[in-house]
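The structure appears right after this line, and notes come after that.
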2 protein chains.
Amino acid sequence: MNTALTTEPSTDELCCEPSGRPVLSAVDAQDKARILKALSDPNRLRLLSIVKAGDTGGSCVCDLTEPLDLGQPTVSHHLKILVDAGLLEREKRGTWAYYSLVPGALETASASLLAL
Amino acid sequence: MNTALTTEPSTDELCCEPSGRPVLSAVDAQDKARILKALSDPNRLRLLSIVKAGDTGGSCVCDLTEPLDLGQPTVSHHLKILVDAGLLEREKRGTWAYYSLVPGALETASASLLAL
DNA sequence: CCGCCATATCGACAATTGTCAATCTATGGG
DNA sequence: CCCATAGATTGACAATTGTCGATATGGCGG
């Protein structure tokens, strides 16, 4: 990208370099922060952990409510946040809703931290 | 742990398995969430990005305030959150404070996502 | 010694978030 | 056709968070 500088190191003040690097843009930052915000709640981390440990068919809400000691609406709320963040996907089978990890989503989130 | 069942697959309802897996404990979840919460703000992500892109001596606050378009107290506040989360370290030289990445901290956070 | 400068801290405020109780929707069984 | 059940949605509320202005602290130059 932009290489800039190199000619004049400093003029009067030299607290630090005059910046202008290809740092994370405001848009990219907000994008990554949206995913990380979904991951920044302990109960949501536990939800992901339970879903990940579950079988490939997905976990239903009834199995996710008890171990978290939270009300059913609260669990539904957290699941929606995780789905909106692209971390979980929902599939309805009969009366029940099954949640499963979106393949590669956690890896992407993980990589976005290293790519800061 | 408990193996249970095996003899009787189900009695009346068979929505899903009765759980009981070694999922993320509440304590571990809160621990990981603390780090991820520090990473869940776009301005803090940009701070980290700028510090990471800066030279090895660390970046001073004066260089971090302008590109973010935030007030100086706000930047100081975010930096404190990042230091408390163990992601940045602060070193004061003269009048200026220099911030640098804690080696391996981002890698640890990244790995904690994959280890869910 | 005095005042400027960089940074941290404090107090306040609006916005967001996590939680629950109550209600709504939809599916399946009698 | 009506009821029971799984799950989502709504509304409310307390707690937390991001931001700013004002002020405190601490080092450096005159």
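Per chain, numbering begins at 1; letters A, B, ... match sequence-line order. All heavy atoms count here, side chains included; hydrogens, waters and symmetry mates do not.
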Here the distance between atom P of C:dT27 and atom OH of A:Tyr98, to the nearest Å, is 15 Å
| query | Do the side chains of A:Leu24 and B:Leu48 get nearer than 4.5 Å, heavy atoms only? | reply | no
Residue pairs meeting salt bridge (charged side-chain N to carboxylate O under 4.0 Å, His left out), one or both in residues 88-100 of chain A, sequence neighbours left out, come to A:Glu91-A:Arg93
- Message: A side-chain contact here means heavy atoms from C-beta on lying under 4.5 Å apart; do B:Leu87 and B:Leu101 qualify?
- Response: no
To the nearest angstrom, the CG-C1' distance between B:Leu47 and C:dT7 comes to 14 Å
Letter by letter from the 5' end, nucleotides 17-30 of chain D scores (B base, S sugar-phosphate only, - none; protein heavy atoms under 4.0 Å) SSBBBB----SS--
The complete set of side-chain hydrogen bond (donor to acceptor under 3.5 Å, both in side chains) pairs with one or both residues in residues 31-43 of chain A, sequence neighbours excluded, reads none
Do any side-chain atoms of residues 69-81 of chain B form donor-acceptor pairs under 3.5 angstrom with protein atoms, and if so which ones, sequence neighbours left out?
unit_1, atom_1, unit_2, atom_2, d
B:His78, ND1, B:Arg44, NH1, 3.1

So the salt bridge (charged side-chain N to carboxylate O under 4.0 Å, His left out) pairs with at least one residue in residues 96-116 of chain B (sequence neighbours excluded) are none
If each end axis of the helix from C:dC1-D:dG30 to C:dG30-D:dC1 is fitted on five C1' pair positions, the angle between them, to 10 degrees, is 10°
Between CD of A:Glu91 and C1' of C:dA26 the distance, given in whole Å, is 17 Å
Compare all side-chain heavy atoms of A:Leu88 with those of A:Val83 and state whether any distance is below 4.5 angstrom. yes
*Does some side-chain heavy atom of B:Tyr99 sit less than 4.5 Å from a side-chain heavy atom of B:Val61?*
yes
Can you find a side chain N or O atom of B:Tyr99 that sits less than 4.0 Å from OP1 or OP2 on C:dA8? yes
Against the side chain of A:Lys80, the closest entry in C:dT9, D:dA6, D:dT9 is D:dT9
